[in-house]
Every structure is written in structure tokens, then in C-alpha cells.
Student: 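Sharing a structure with you now.
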Amino acid sequence: QKSFTIGMSQCNLGEPWRVQMNADIKKSAAAHPELKLIYKDAQNDTLKQRAQIEEFVAAGVDLLIVSPKEAVPLTPPVAAAFKKGIPVIVLDRRLVGDQFTCFIGADNRRIGRAAGRWIVEKLHGTGQVVELKGLMTSTPGQDRNAGFRESIKETGIKVVFEADMKWLEPDARKEMESALARFPDIKLVYAHNDPGAHGAWLAAKAAGREKDILFVGIDGLPQEGRTYVKQGILAASFEYPTGGREAIDAALSILNGKPPAKEITLKSKAFTPENIEKGGEELP
Amino acid sequence: MRGIGKSFAGVRVLDDVQLTLYAGETHILAGENGAGKSTLIKILAGIYTEFTGEISFNGRPVRFKNPQAASALGIRVIHQELSLVREMSVLDNLFLGRELCRYSMLRRKTQREQAAALLQRLGLDLDLQRTAGSYPLGLQQMIEIAKALLGDAVVLILDEPTSALTGIEAEKLFAFMAALKERGCALIYISHKMEEIYRLADRITVLRDGRWIGSERADALPRAEMIRWMVGRELTGHFPARPALVPGAPALLRVTGFSVADPAGKRDFAVRDLSLEVRRGEIVGLAGLQGAGNSELLLGLFGAYPGGVRGLMEVEGKRLTPGSPAMAIAAGLALVTNDRKQTGLIADHSIRWNLTLAALRRLSPAGWLRPRRERACAADYLERLAIRAASSDQPVATLSGGNQQKVVLSKWLATQPRVLLLDEPTRGVDIGAKHEIYELMNQWTAQGLGILLITSEMPELLALSDRILVMHGGRVTAELSRRTATPEGIMRAAMGEEAAA
Amino acid sequence: MKRSELMQQGRQWIRSPFARALLALICIAILGVIFNADGAFYKWSTHRDMFRQISVFGILACGLTVVIIAGGIDLSVGSLVGLNAVLFSMLTIHCGWPAAAAIAACLLAGTAAGVSSGGLVAKFRLQPFIATLAMMVFARGLAKWISGGQKVSSAVQQADGAYSYVETPAIFNALNARIWHDNVAVVSVVFLVCLAVTALILARLRWGRYVYAIGGNEEAARLSGVPVKATQLLAYGLCGLFSAVAGLCQAAQELQGDPEAGVSYELTAIAIVVMGGTSLAGGRGGVGLTLLGALTIGYLEKILSINAVGEAARLMLTGTIIVVAVIFQKGAKR
Amino acid sequence: MKRSELMQQGRQWIRSPFARALLALICIAILGVIFNADGAFYKWSTHRDMFRQISVFGILACGLTVVIIAGGIDLSVGSLVGLNAVLFSMLTIHCGWPAAAAIAACLLAGTAAGVSSGGLVAKFRLQPFIATLAMMVFARGLAKWISGGQKVSSAVQQADGAYSYVETPAIFNALNARIWHDNVAVVSVVFLVCLAVTALILARLRWGRYVYAIGGNEEAARLSGVPVKATQLLAYGLCGLFSAVAGLCQAAQELQGDPEAGVSYELTAIAIVVMGGTSLAGGRGGVGLTLLGALTIGYLEKILSINAVGEAARLMLTGTIIVVAVIFQKGAKR
Ligand SMILES: Nc1ncnc2c1ncn2[C@@H]1O[C@H](COP(=O)(O)OP(=O)(O)OP(=O)(O)O)[C@@H](O)[C@H]1O
Ligand SMILES: Nc1ncnc2c1ncn2[C@@H]1O[C@H](COP(=O)(O)OP(=O)(O)OP(=O)(O)O)[C@@H](O)[C@H]1O
Ligand SMILES: [Mg+2]
Ligand SMILES: [Mg+2]
């Protein structure tokens with residue numbers, strides 16, 4: 001049987017979500033011994049990722065999976081690879097234009113909107129909310145913020161305190177402590193990732209107020225968000241799927257000459273204490 | 001010590017040297033700059049551990065692995081280059097490496113008491129808690145000496161201890177040395193000052209070019225013979241004769257009402273309302289004890305304390321505000337400081353870089369370096385001042401102390417100054433080279449330079465100066481002419497007695 | 001006479017590093033009073049939480065103070081926090097070691113890492129900056145390697161890939177708790193203990209004197225019989241030990257071991273040391289000042305946080321205020 | 001006689017910093033030959049790309065070499081890369097400035113930032129580490145502020161929130177291109193020019209000698225008439241200027257201005273300087289060695305990358321190899 005080499009360029013492995021993505025890919029690929037995967041990690045450096053793509057092209061891989069750090073700067077190298085006839089699957093973040101084979105990703109803005117809607121419903125349209133934002137120079141942070149704000153517009157939900165916790169749990173805890181010191185009547189914390197929500201919970205617990213506040217996070221990783229929901233720490237976690245399994249599926253169909261759709265939008269799920277045992281509930 | 005040999009990077013600096021030291025004697029180690037004296041005693045003190053030959057101590061062969069091992073046998077060293085930790089307090093410096101401890105906790109009270117007692121015996125009035133670096137060089141040297149005297153020394157090695165001391169402090173040291181000798185302690189003493197050597201010596205060993213020339217009882221080795229051993233030729237006349245001044249020569253440097261704020265911040269002023277004049281071709285000596293303010297005067301004139309000085313200053317008739325050393329250099333001043341390690345040289349850099357640094361504006365007027373000119377200038381001074389070095393690319397840190405001093409002098413001559421401010425210019429310089437420097441000073445003054453000279457060596461001061469100003473507490477207490485100056489008169493004025501000359 | 005002497009003393013005291021550091025702290029506190037965020041600055045919990053937040057940095061700063069006084073620097077402390085947080089969590093949660101054994105193992109590991117850096121400096125004469133930079137990179141790699149890149153928490157992956165949930169060991173909650181009627185966080189107490197230990201070492205032990213001596217003038221110290229290399233080894237070892245302590249505190253506060261924990265903590269910790277007036281040139285400083293430095297940085301961050309200042313403005317203000325605060329110190333150096 | 005003299009010279013040469021740095025590089029290259037990743041190491045494009053990747057770091061290292069020889073350090077270079085990348089993109093893409101004007105403005109901005117750090121060091125006598133740490137935080141904040149936290153690219157947000165795509169200015173492509181029959185990246189040429197300028201300054205200008213002098217012994221230099229403060233200002237200013245150049249190159253290669261660009265680049269750049277054998281103690285070193293240092297780090301990263309070494313192992317290997325390479329240098333320092 002013919003074997004294929006797939007190059008996988010991950011933009012960084014500092015975030016558990018991306019570690020999970022690699023793990024998902026690995027797990028799916030394990031079922032297909034004809035696939036040989038090479039993983040590279042760009043350490044959050046755009047230019048390193050660019051170099052990696054160039055290296056993969058030079059090494060002549062059969063297919064490229066790129067989870068890009070940035071859209072604009074990584075468009076040209078990916079386009080160059082694509083023009084050379086190497087199929088490219090773009091995972092998670094978009095590139096500019098259409099010089100790639102297939103894009104697989106979830107929509108952060110949509111998830112933010114869903115979270116917002118869920119929150120409006122849960123709080124019956126009114127109450128003080130704290131927003132702990134992810135790194136606001138990154139697109140996921142910007143989108144999770146924008147979607148959420150869309151949904152709570154013109155409701156009684158008021159964001160009384162917002163801070164950039166840069167995806168980091170200790171920072172989230174720190175910021176939440178400040179929020180708690182200032183506002184005695186916080187109803188809910190919306191954090192852009194689950195560790196952020198967990199950090200906020202730790203702060204509230206230390207202040208003895210964890211029972212009065214709901215915590216909502218995003219990502220829904222099994223060992224983080226879903227665990228926290230199961231433990232009753234989070235009121236909800238919205239899955240941001242890694243697309244690892246879908247990427248391998250797409251790769252197989254491309255390599256077998258049956259190109260998939262140009263764009264695959266991943267469905268995400270909401271995990272709440274009520275549905276966690278059933279495996280979550282798909283978002284509309 | 002027998003058959004001692006030592007090389008640095010393939011260059012042999014000691015070859016088959018021997019030294020025998022008896023209890024209760026003062027043994028002088030003499031030799032020119034770079035003869036290898038400091039190297040020899042560093043071997044004895046366990047600092048250089050790679051050498052050939054053997055050392056026996058009380059009849060037993062020893063080979064020290066580190067300074068602690070030598071110290072444990074009672075071998076104490078006062079090094080040529082100060083080895084105090086400037087940031088630490090006097091007390092901590094005194095006990096450094098030999099702290100009194102109980103379960104490795106410091107016994108601070110005992111330490112303080114012992115230190116206070118020692119300082120009192122030495123007649124030093126120091127604040128034990130002040131940092132050592134805040135004291136002037138001479139007092140730092142005294143702290144260094146006190147440090148070596150703390151505890152029981154069996155062998156005390158003094159490498160040019162008096163090079164930064166005034167007469168009075170040196171006397172205190174000599175008295176102490178005599179007491180130690182009484183107790184059976186053996187002393188090795190290195191100095192370039194002939195008066196000291198013959199006052200203290202029981203026996204003398206002479207090194208030349210890293211080789212042992214001879215050892216002899218002091219009373220059996222006349223001064224001229226010893227000098228011949230050291231330099232390998234006769235040296236006539238200790239001080240060259242100074243030509244008479246041209247009468248009515250114009251003033252090169254005129255200072256009126258000059259005050260310098262005390263840089264240490266202890267008093268208000270280090271120099272107060274001082275006036276002086278240096279004429280063309282004249283050497284003006286500045287005498288004074290520790291803290292008289294004469295070093296601060298030179299630094300102040302040179303622009304080292306911008307904003308800290310008041311008064312009028314004229315160089316060759318032109319007003320000069322002492323704003324920065326660069327301005328002073330441009331105006332034709334040059335300052336040889338008394339601490340070549342801290343303020344004179346950049347130890348890691350080559351001789352050439354050090355030598356041309358102050359004159360760089362002249363040597364590269366357009367801002368572009370002119371390597372060939374620099375080389376020529378460096379080569380010229382290496383020859384003129386007979387600096388012992390492999391090449392001008394050698395780092396100055398690897399030169400012997402005296403040769404380093406010559407590099408400092410060269411550096412300032414290279415600026416082609418009109419007025420030289422010299423603070424202990426012959427510090428650590430050997431007798432032959434001193435002679436050369438004296439002759440050079442005569443030469444320079446003959447060419448029309450003016451010199452303001454600080455020196456703690458009375459004979460040097462008396463022999464070289466055309467006029468002597470004695471300072472005390474930041475003021476001039478006496479002005480003596482060459483003819484009227486006597487050591488006693490100078491001392492009296494230096495102690496603060498206003499004397500009319 | 002008496003009065004002028006008093007004034008002279010007063011003037012000297014004002015110039016002392018301690019007074020300067022205190023002044024900087026007071027200025028920051030005044031800022032806090034001005035921007036009190038609707039009175040949040042006046043709540044005790046604000047100060048308590050500030051002190052908790054700065055504790056991990058403060059513990060690192062204690063070790064760094066020693067290394068910096070010894071004339072070195074240690075950039076690896078942040079990575080060691082991550083490494084030890086992971087190690088501690090692995091040992092207690094996955095391997096089920098008793099707390100005491102796990103703590104001992106971590107302290108040992110931290111010390112070993114510190115001694116290794118120290119060995120590179122003392123024995124191979126590497127520049128501290130580069131030796132500890134290498135250690136920083138290496139320790140981060142090690143943390144990722146032993147944790148497999150994932151956070152080590154009470155969610156334990158089974159052989160089949162599913163997660164099972166174990167109880168968080170009691171030691172985590174114990175370290176994460178508050179004592180004295182809920183008034184002081186345990187990690188803050190740990191910080192104070194580290195501070196006291198460091199102060200004792202620096203002021204009272206012979207070895208403390210050696211630390212100052214080698215930082216002030218290594219050559220002179222050597223000539224005076226100070227065991228320079230051993231002193232360096234001990235200084236870096238102590239710094240590693242404190243990093244391990246900080247790692248334990250970090251893990252306890254996060255209830256997990258994050259291999260990314262402590263990234264760039266070294267910069268904050270160094271800033272604390274310098275804000276306290278300890279000179280990076282070595283030979284001068286003390287840990288009492290480090291406490292003031294920690295409080296200054298802690299309040300600065302807290303005030304920016306309770307006022308919900310935006311990220312960009314926060315960074316610009318932090319930069320500016322660090323400079324202003326350190327300029328207060330400048331009179332203290334030479 | 002002749003032969004032993006030659007051998008003596010040879011032995012001395014081997015001990016020179018240059019030879020040591022070269023040796024480290026050669027060792028790394030041998031590693032590359034052993035782990036050649038199915039021949040990828042033998043392709044010219046690998047070397048060309050390595051040189052392109054290291055160029056931005058190399059440019060930073062040039063400026064840092066000057067500051068470090070002058071006895072200082074500059075931690076702000078990474079942030080200045082981000083700031084200038086943003087500024088350059090804003091000016092060319094959003095404001096439509098001509099390339100020359102935008103470049104001039106950036107170089108000016110970088111120099112101004114450098115001179116500010118220098119002023120803190122020279123005038124207020126702050127320790128360089130802390131002054132530039134503050135500048136690092138401040139400049140990062142400024143970059144985020146002027147960019148509004150967004151990447152500044154050819155995707156321009158309209159008033160209604162939608163994105164429209166404008167043409168990327170030609171200067172970006174010009175800087176991002178390769179010349180000499182596609183054999184050398186333009187940014188690499190920029191690096192070499194910076195290197196040559198720095199070498200010229202250090203070896204041939206009087207000011208270069210002053211840089212060495214103040215790094216060797218500031219007090220002695222001052223008393224020799226060296227304008228210490230001006231020299232410091234110029235050194236930091238030059239470093240800021242080079243950071244701006246690096247920022248332009250970064251923006252051109254990314255085709256955008258990222259306010260997060262250059263995070264922790266300063267550490268790599270400092271490692272390059274030190275790998276080249278320049279002492280962090282100041283007064284010694286040179287930029288020829290910095291080139292060797294850059295190649296060493298560049299090859300190290302490239303070899304790890306073409307062999308697709310995993311993250312944890314890569315960090316551990318990097319730490320180890322930095323140490324080993326610098327130990328090769330140790331003979332060079334005193
Ligand atoms: N570390 C070193 N590396 C290379 N050469 C050295 C080193 N130390 C000393 N030398 C050389 O060894 C020789 C002897 O030096 P040493 O310091 O022993 O002279 P000295 O007799 O004490 O002279 P002085 O009276 O000037 O102090 C000199 O030529 C000096 O240049
Ligand atoms: N003070 C000096 N000491 C040593 N060399 C000097 C000195 N002054 C000048 N030189 C050397 O003399 C040569 C000419 O120097 P320069 O161009 O400065 O001319 P100058 O000032 O007229 O000196 P000179 O009177 O010696 O001609 C150069 O090689 C320079 O290195
Ligand atoms: Mg000597
Ligand atoms: Mg001439």
C-alpha cells in the first residue's frame with residue numbers, strides 16, 4: 001500500500017487547546033498506518049511558521065496541514081505550496097483568499113454569540129457580568145468578545161468589569177479579585193477560555209462568593225472545561241472543536257482523489273451540568 | 001623557597017628563584033618593576049598554584065592549594081593592589097575570610113570589640129560601619145594593613161604597603177612591624193623607597209628579570225651595590241639637579257578663591273577658598289596629610305566634579321570653568337590620579353588603547369581612528385619611558401605595578417599638556433624608573449610645562465619642587481620656597497600650624 | 001548643635017536605600033488613594049489579595065536577591081516555577097506520593113537545578129546571564145516533557161483516553177487557604193518565611209558575608225580566602241530552592257501543574273529586587289528592601305487592575321511608574 | 001625555533017575569541033551533517049532560509065553588541081521591533097505615506113526610544129537592565145495602543161466593521177524578496193549592512209573606542225576626557241535605530257504590523273551576542289563575533305526544525321547546546 005507523508009505545522013504548543021488538536025490528529029491518524037505525520041511547532045512566531053511551511057515544501061510532503069498563527073503573513077507561503085501542487089488543509093484560523101485546498105474551523109464569533117444568548121437566557125436578561133478576555137491582539141479573543149457583545153446588546157446585562165487576562169489562569173484570578181473588590185453583586189463571569197473561568201472561580205471561592213456567581217468558559221476540552229462543568233465549577237463551557245479528526249478525514253479523501261468541500265465549518269457544543277453526562281448539546 | 005619558576009602564557013617571569021626567611025627578621029625583597037617580586041610572594045601565599053620548585057615551611061615541604069591554606073599557617077599578605085571589597089563595611093572587610101562564628105553565625109559583638117581594639121592600637125579613627133570604599137586611598141591601605149594584622153601572623157608579607165601612605169601613617173606601620181618582629185614574626189617587605197629599605201632591613205634579596213641575583217645582610221650590602229644588583233649598572237645621584245627657574249616666567253595656571261565641595265559629603269568643603277599659581281617651567285609641590293584636600297584640589301581643577309567647584313581658574317591667561325575632564329584636556333591640563341586601578345587605567349584593554357585614550361581627540365581629529373598614528377605614538381612612549389612589555393597589544397592588567405604607572409604617565413604626556421597635575425606620579429615605580437621620571441620632569445619643565453605635584457615622599461618633594469604649598473583642612477597653611485623648606489617645617493604646617501614663610 | 005546633628009542624621013536617613021524604597025512605596029500608595037476605584041482600595045481584602053498575588057514573585061525575588069548581591073543573575077526562576085509546579089502535581093496527584101515526600105522531592109529538584117546553573121557559573125565560568133538563560137530554556141523543556149505538554153490536574157487521563165477525576169490532594173487546599181481569621185493567605189506567610197530566612201542568611205551567617213564579598217570584588221574576596229565557588233554554588237542553589245517553593249505555591253493556587261506557569265516571572269522578580277534598591281552590579285542590597293519592592297510592584301498592579309485599566313495603557317503606565325519609582329532610588333546608589 | 005614559534009602563534013590563535021566562536025559554529029554544522037533530515041541540510045535553500053530567519057535577530061544583536069560593549073544591556077529591542085512594525089504598517093498601509101518617509105519616521109522613532117533609554121541610564125543613572133525593562137513594557141503598550149490591539153495589515157476594517165483588502169505596499173514585497181538570482185534574502189543583506197556599519201563604528205571611529213572605554217572602566221574613561229554620557233546616549237540610540245530596522249524587516253516579512261511581534265526576541269539576540277564571545281561585563285567583544293554567534297543560533301534552530309524535533313526535546317536541546325557552545329568560549333574570557 002502506498003504511504004503518505006503529511007506535514008503538520010502548529011502555531012504554538014503553549015496552549016492546551018493546541019496540544020489537544022495535535023493529540024486529536026495523532027489519534028485519528030493512528031488508525032491509518034499509511035499516513036506518516038511530521039509535527040512542527042512554530043512557538044507562536046509567524047516567521048518561524050513561514051519557514052516551517054517552506055521546509056515542508058522543500059522536503060516534498062504529500063499534504064500539508066497548517067494551523068496558522070496569522071492570516072496575512074502566512075497566506076503567501078501557503079499559496080506557494082498550493083501552487084506547487086501540494087494540497088493544504090488550513091485548520092482553525094483563516095487565510096486570505098482561496099489558495100488552499102480546504103479550510104476546517106469553528107466560528108469563534110458564533111460561539112461568542114451563542115454564549116451570549118445562553119447567558120441572557122440564564123440571567124433572565126438582566127444582571128452584572130464580568131468579562132475576562134483572552135489576548136485582545138489575537139483574533140479568537142476579538143471574536144469571542146464581539147459575538148458576546150452582539151448578543152447582550154439591548155438587554156439588561158451589563159458588563160461592569162472587563163480585563164485582558166491573556167488566556168492565563170493566574171491573571172484571570174488576579175483580575176477577578178479586583179472585580180470582586182469593586183462589585184458586590186456580580187451575577188456571572190464570562191471568560192474567553194475555561195482556565196480563565198476556573199481562575200475566576202478560584203478568586204470567588206477565596207472570597208466565599210462562588211455560590212452567588214455563575215462561571216462560563218469557552219473551549220470545552222475534556223480535561224479542563226468539561227471537567228469543571230462536571231465538578232460543578234462552571235455553569236457552562238462552549239466547545240471550540242479542534243478539528244483534528246476532521247482534518248485527517250479530509251486529508252484521506254484528498255489523498256484518495258476525492259477532494260472535500262472547500263470549507264468545513266465545525267459544529268460546536270454547549271456543555272452544562274444538565275447535559276454533560278449525555279455528551280453536551282450541539283449549538284444551533 | 002627554592003628553585004621557584006613561573007610562566008604566564010609561555011613567558012617566563014620567574015626562573016630558579018630562592019628565598020629563605022627566618023623568624024624575627026625583616027627581609028627586603030627588592031628589584032625593578034616587573035622583576036617578579038609580587039609574583040614570587042603570590043606563589044608563597046597560595047594564590048598562584050601552578051609553578052615549579054618547592055616551598056618548605058618550618059622544615060616541612062608544603063604546597064598550598066589556595067589562599068586559605070596559606071592563611072591557616074599564619075601567612076598573611078598585604079597585596080600591592082588593594083584587595084578590599086569597597087562596598088562592604090570596614091568591619092566586614094577586616095574579618096573577611098576569617099569571620100568569628102559560632103555555628104556559622106557571626107559573633108558580631110566580639111568582632112566589633114576586636115576590631116575596635118586593633119584600630120585603636122594602630123591609632124586609626126575609623127567608623128567600623130562605613131563602607132571601606134568611602135575612605136581615601138591611604139586609609140584603605142591602612143584598613144588593608146589592619147586586616148592582615150588581625151589574628152596571629154607568623155609570616156607577614158607587605159607588598160609596597162607605604163606607596164599610598166603619608167609619613168605619619170608609615171611611621172605607625174613601622175612601629176607595628178617592630179612589635180611583630182619582637183614576637184618572632186617573620187616579615188617580607190617589598191618597597192622601592194630606599195630610605196625605608198635601609199631603615200627596616202635585616203636582610204635583602206634582589207631579583208632582576210625574574211632571576212635571583214643574591215641575598216645579603218643589610219649591613220653588608222651598601223646602597224650603591226644593591227642598586228647595581230637591581231638595575232645591573234651604576235646609578236649616580238638619586239635626584240637630578242633642578243635647573244634654576246627663569247625669573248619672571250609667566251603664569252601657566254592661576255587659581256583664585258577656589259573651593260571644592262567634599263565629594264564624600266562629610267564636610268562642607270574639601271578645599272576652601274584656595275589660591276595658587278604655577279608658572280612656566282615650575283614644579284609646585286603640594287604637601288599635606290591624609291584628608292588635607294590636595295587630591296580633591298587636583299580633581300576639582302581637572303573638572304572631575306562639575307558643579308561642585310567655585311572660584312576662578314585661568315590656564316595660560318584664558319578663563320576655564322572646570323566643567324569636565326574633556327574641557328580640561330582641551331585647555332592643556334593633564335591629571336595623573338593616585339589610584340591607577342580605579343581611575344587611571346582600563347585593566348582589560350591593551351597598553352596602546354590605554355595610552356592613546358586621552359589623546360584620541362588629537363590623534364583622530366576627524367573622528368576616524370588612525371591606527372598607524374596610534375601605534376607610532378604607543379611605540380614611542382614604550383621606548384621613551386622604558387615600559388617592559390611584550391608589545392603594545394598586551395593588556396595592562398598583566399603588567400607589573402610600576403610599568404602600569406608608566407603607562408598612566410605616557411597616556412597623559414600623549415595629550416601634549418601645558419600643565420601637569422601629578423598625584424603620586426612615582427607610586428610603585430622602581431628606583432631606576434623614578435630617576436627617569438625625575439629627569440623627564442626636568443625636561444618637561446625646561447620645555448615650558450608647569451607641574452603641580454603631590455607626593456608623600458618627603459625627599460622627592462624637597463628635591464623636585466621649586467615651591468611647596470602645604471595644605472591642611474582644605475587651606476594652604478604655608479608656602480615655602482625651595483631654599484626655606486625643611487621636613488620639620490612642612491610637617492608642622494601639615495599638622496595645621498599656620499606658619500609664615 | 002543637637003538639632004543640626006539630628007537634621008544631618010535625618011538627611012542621611014532620607015538618602016538611605018531603605019528610605020528611598022519606602023518613599024517609592026508611599027507614592028504608589030498615594031496613587032492608590034487617588035484612584036481608589038470607588039473605595040475598593042480601602043478594603044482589607046484588596047490588600048490581602050495584593051499580598052497573595054505578589055507572594056510567588058516575592059519568593060522568587062528572595063532567591064534572586066542573594067544571587068544578585070553575589071554579582072550574578074538567574075533568569076531560570078520562572079521556568080523552575082513551571083517545572084516544580086508540574087513535578088509537584090505529578091507526584092501528588094498521579095503518583096499518589098504523600099505531601100511531605102513530594103515537597104521534599106521538589107525542593108531537592110529545584111536546588112539541583114540551581115546548583116547546576118551555579119556550577120556552570122562557578123566551574124565553567126560562564127556568564128550568569130547566559131548560563132541561566134540556557135537553564136531557563138532547558139527547564140521549560142523538561143516541564144513540558146514530563147507533563148506531556150498538558151496541565152497536570154485532578155482530571156487524569158485513563159489508558160482509553162477518557163478522563164477520570166480524582167480528589168485534589170489536601171496539600172493544595174492547605175497552601176491555597178487563608179489563616180488568622182481569613183486575613184492572610186498561606187502563600188503570603190510562606191513568602192514572609194522565605195524573606196526571614198534570606199534576611200537571616202544575609203545578615204547573620206558567615207556565608208552571607210561571603211555573598212556580599214564576591215559580589216563586591218570577587219578577586220579581593222578570593223585573596224582574602226573566601227571560597228568563591230562554593231559561595232556561588234550555594235547562592236544559585238538557594239535561588240533554585242526558593243524557585244521550587246514558589247512552584248509549589250503556584251501549583252497550589254492554580255490547583256494544577258501548568259508547564260507554562262511562570263513564563264517571564266523572572267523579569268517581574270528582578271524588577272522587584274531592583275525596585276528594592278539592590279544593585280544589579282552586585283555587592284550591595286538586602287532583602288528588607290526586596291519586601292518594599294514587592295509591595296511597590298504589587299500595589300502598582302493592583303491599582304491598575306481594580307481600575308480596570310486597558311492592556312495598552314496598563315503597559316505604558318507600568319513602564320513609566322517603574323522608571324519613576326527607580327529614579328527615587330538613584331540617590332541611594334553610589 | 002621557527003616551528004615552535006608557529007605553534008605558539010597557533011595555540012594563541014586557537015585561544016582567541018574568534019577561533020572559539022568559529023569552533024562552536026563548526027560543531028553545530030557537524031551536528032547538521034549528522035542530522036541532515038534526509039539531505040535537507042545539504043540544500044542551498046536551507047542555508048538561505050536559515051540566514052533569512054536569523055537576520056532580524058542578527059540586526060538586533062548588532063545594536064546590542066554596541067550597548068553591551070559599553071557596559072549596558074537593552075531589553076527593549078524586542079518590543080521596539082513590535083512598535084516599529086506597527087508604526088511602519090500604519091504609515092504605509094493606512095496613512096498612505098511613501099515608503100521613504102515611513103522608513104525615515106520609523107528610524108527616527110526607534111532612535112528616539114533608544115535615546116530615551118540611554119537618557120535614563122546616562123542622566124538618571126538608572127541601571128540599564130531596569131531602564132530598558134521599563135522601556136520594553138512601555139513600548140509594547142504603545143504598540144498595542146497605536147494599533148488598537150489589531151494587526152495592521154492589508155485587511156483594513158471599514159466603518160461598518162467589514163474588511164476590505166488594499167494592495168500591500170511595494171516596499172513590503174521589496175524587503176521580503178530575494179536577490180542575486182534568488183540566492184539571498186533582502187533582509188539578510190540588510191543584516192550584513194548593519195553588521196558592516198557596526199564593525200566600522202567599533203573599529204574605526206573614535207566614538208567606537210569610547211564605547212569600549214566606558215564599558216571597560218567608566219571612571220577612568222571619564223577622567224580621560226571621554227564624554228561618557230554622550231557615548232551612552234549614542235550607544236542606546238544606535239541600538240534603537242537598529243531595532244527600528246529590524247522592525248521594518250519583521251513587518252515586511254509578515255506583510256503586517258503585529259503589536260505582539262518581537263516578544264522575547266531580546267533574549268535570543270543577547271544569546272547571539274554572548275555566543276559570539278562578547279562579555280556582558282562590558283569593555284570587550286566585537287561584532288565580527290556576533291555574526292558567528294548569529295550563524296550558530298541560526299543553524300541550531302534550523303537543524304532542530306528540519307528534523308521536526310518535538311517542542312519539549314527542542315527546548316532541552318537548545319538549552320544544552322547553548323551551554324556547550326558557550327563553554328567553548330570560556331577560554332576566551334580572561
Ligand atoms: N597575570 C599575568 N599575566 C601575564 N604576565 C604577568 C601577569 N602577572 C604578572 N605578569 C608579568 O610578570 C612579570 C613580573 O610581574 P610582578 O608583578 O611580579 O613584578 P614586580 O616585581 O612586583 O614589579 P613592581 O615593582 O612593578 O610591582 C611582569 O613582567 C609582568 O608583566
Ligand atoms: N606626544 C606624542 N608622543 C608620541 N608620538 C607623538 C606625539 N605627538 C605626535 N606623535 C606622533 O608624531 C607623528 C605626527 O603627529 P601629529 O600629526 O600629531 O603632529 P604634531 O602634533 O605636529 O607632532 P610632531 O611635533 O611630533 O610632528 C605621529 O606619528 C604621532 O603618532
Ligand atoms: Mg609588584
Ligand atoms: Mg608634537
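All figures in this text were calculated on a predicted structure; none of them were measured in a lab.
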Student: Determine the minimum heavy-atom distance between D:Phe138 and C:Met316, stating which atoms define it.
Tutor: CD1-O, 3.3 Å

Student: Hey, which of D:Ala131, D:Pro259, D:Gly319 has the most heavy atom pairs under 4.5 Å with chain C?
Tutor: D:Gly319

Student: Taking side chain as everything from C-beta outward and backbone as N, CA, C, O, which of these in C:Leu120 sits under 4.5 Å from a heavy atom of chain D? Side chain, backbone, both or neither.
Tutor: side chain

Student: In Å and rounded to the nearest 0.5 Å, what is the CZ to CD1 distance from C:Arg125 to D:Ile327?
Tutor: 13.0 Å

Student: Given the options C:Leu75, C:Ile270, C:Ile146, C:Ile130, which has more heavy-atom pairs under 4.5 Å with chain D than any of the others?
Tutor: C:Ile130

Student: What residue in C:Ile321, C:Thr318, C:Leu267 has the most heavy-atom pairs under 4.5 Å with chain D?
Tutor: C:Leu267

Student: Could you pull out the closest heavy-atom pair between C:Ala271 and D:Leu133, with the gap in Å?
Tutor: CB-CD2, 3.9 Å

Student: With a 4.5 angstrom heavy-atom cut-off, which part of D:Ile73 approaches chain C: side chain, backbone, both or neither?
Tutor: side chain

Student: For the atom pair CG (C:Leu126) and CD1 (D:Ile322), what is the distance rounded to the nearest 0.5 Å?
Tutor: 11.0 Å

Student: What heavy-atom pair brings C:Gln127 and D:Leu280 nearest, and what distance separates the two atoms?
Tutor: OE1-N, 2.8 Å

Student: How far apart are the closest heavy atoms of D:Ala134 and C:Val323, and which atoms are they?
Tutor: CB-CG2, 3.3 Å

Student: Can you name the nearest heavy-atom pair linking D:Lys144 to C:Ala312, along with the distance?
Tutor: CB-CB, 3.8 Å

